[in-house]
Protein chains: 2
Amino acid sequence: MKKLKRSARLVEMTQYLLMRPHTLISLTAFADRYQSAKSSISEDLAIIKEVFEEEGLGELHTLAGAAGGVKYMPKMDKNEAKTIIERVCHQLEQPERVLPGGYLYLTDLLGQPGLLADVGRMFATAFAGRDIDVIMTVETKGIPLAYATASCMNLPVVIVRRDNKVTEGSAVSINYVSGSTKRIQTMSLARRALKEQSRVLIIDDFMKAGGTVQGMMDLLFEFNAKVAGVGVFVESGELGTEERLLEDYVSLAKLTSVDLRTKQMTIVPGNFFD
Amino acid sequence: MKKLKRSARLVEMTQYLLMRPHTLISLTAFADRYQSAKSSISEDLAIIKEVFEEEGLGELHTLAGAAGGVKYMPKMDKNEAKTIIERVCHQLEQPERVLPGGYLYLTDLLGQPGLLADVGRMFATAFAGRDIDVIMTVETKGIPLAYATASCMNLPVVIVRRDNKVTEGSAVSINYVSGSTKRIQTMSLARRALKEQSRVLIIDDFMKAGGTVQGMMDLLFEFNAKVAGVGVFVESGELGTEERLLEDYVSLAKLTSVDLRTKQMTIVPGNFFD
């Protein structure tokens, strides 16, 4: 590319980093790209780092040495996250969202790209320190959350199907018992979708007793893969802890009570904010 | 926020615009945010505009007057898009991707956030001039493409289900005939998911005869909504045009021939590049 003035170079570097999260970019690559000295590039990166960190956009990690470079890790400031989630909780408490069986209508929220991008940054913050190869979810409503998180963490997504579709090739299926309805259901994953020994972050939209997440964990066992974390958008905290199948997870919001007759609900920020 | 130096302000404004595509931001809002004169803000925007347009990242539209401001519309340069799609075509031609029935294994590609972001920018470019309220897709593999496009265009997504799930509330269902397999199938959409008169962009991953897309169009008719465009990632061009149910659509790649015996395929850039 043509040589840029400093101001233009700052704009260019900012967009370049934002579009390539969790990707190591060497100082040499930047120096070549902008036909500038590494010392100038370092000064620019220091400015970008300060703005990103001040604004709670995430961290700019600088690695020194021959294999060194810079890597942008998107994050969200916890206070900003809590403000967003409190607004979401308020929206979720609308009585018309109560569905038969104590479910919650979330679909419209999960259709908003802006909120999804925020939630993706929250999960990226929650699981930042973990060693993760791939993000897994089950169709359908977990999918946008999984992708939003994957975009921030630069990780591939695998989608567990509720049936075995022709377009997936050979697949492994398991039966699982939905913890809240006690019904036996099936989920399956294409053989070629997941490598052995993968470390997997499970993301889903809603968790009651945790049967679906437990099913995904059983499926991972069949692939010799490991659970690196579990993140859910909304958990239903109505069950006693002895009924919950799962203990180690991150939730962004928590349904603490629902009255199916009056359609009154209480929804509060989840354990991510504890 | 505290007053920033010019260099820091450029970084901050760049990220602010990139994270809010298709959103009008008034000069006054920027001037207040950065405690700077509108004239300085205008100069900064001119620099950002030049870099974005030079790099093929999209357009920065400036609207003059009292209701004026600036809006970032993500796009992708067609030459860059073609280079990416040619690489994708090459990957898709691997013989192990041929599945029974002449389907194509796309799932791994649709799990890569980087490629999805690129594809989203391509669809945003293809449909930039149209008046669109919402993006629609059918579960499962169209979902990531729909969200990637929605992120660039700042539009909500609605997902048509292949069955009627309890967590959606009351729904409208239709039967449709899959054009290639000639089987009758069902798709449904929650009543509250779509407003009447909405202008809808349909996005899907793979199109053979177009029966699934035609089904979505029939469903839109039930909602008194309008088709604003149809975009598919890969079309199968094996059928004669007289068998194709649909004429007006944008494809990014085209499967022109497949030999199920030898698993040889030919895949070329789609009609977006014509």
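Just so you know, these numbers come straight off a predicted model, no measurement behind them. Computed over heavy atoms, backbone and side chain alike; hydrogens, waters and symmetry mates excluded.
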- Query: Is it the side chain or the backbone of A:A8 that comes within 4.5 Å of chain B heavy atoms, both, or neither?
  - Reply: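 Looking at A:A8, backbone and side chain both touch chain B.
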
- Message: So for A:I48, is it side chain, backbone, both, or neither that comes closer than 4.5 Å to the heavy atoms of chain B?
- Response: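 Contact with chain B involves both backbone and side-chain atoms of A:I48.
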
Where on [X] is there a heavy atom nearer than 4.5 Å to chain A: the side chain, the backbone, both, or neither?
X	result
B:L116	side chain
B:F206	neither
B:V158	neither
B:L4	neither

- Nearest 0.5 Å, what's the CD-CD1 distance between B:E139 and A:I159?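 So the CD of B:E139 and the CD1 of A:I159 are separated by 10.5 Å.
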
- Query: Under the salt bridge (Lys or Arg N to Asp or Glu O under 4.0 Å) rule, what pairs show up with a residue in residues 102-117 of chain B, not counting sequence neighbours?
  - Reply: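 Those involving residues 102-117 of chain B are B:R97-B:D108.
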
- Task: Return the option, out of B:R9, B:E12, B:K5, with the maximum number of heavy-atom pairs under 4.5 Å with chain A.
- Result: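 Maximum pair count with chain A is reached by B:E12.
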
- Taking non-hydrogen atoms and a cut-off under 4.5 angstrom, which of residues 13-25 of chain A neighbour chain B?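 The list, in residue order, reads A:T14, A:Q15, A:L18, A:M19.
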
- Query: Do you know which of A:E50, A:M153, A:R6, A:E54 has the most heavy-atom pairs under 4.5 Å to chain B?
  - Reply: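 Greatest number of close heavy-atom pairs with chain B: A:E54.
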
- Message: Check B:R191 with A:E96, please: is the shortest side-chain N to carboxylate O separation under 4.0 Å?
- Response: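 Salt bridge flag = no for B:R191 with A:E96.
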
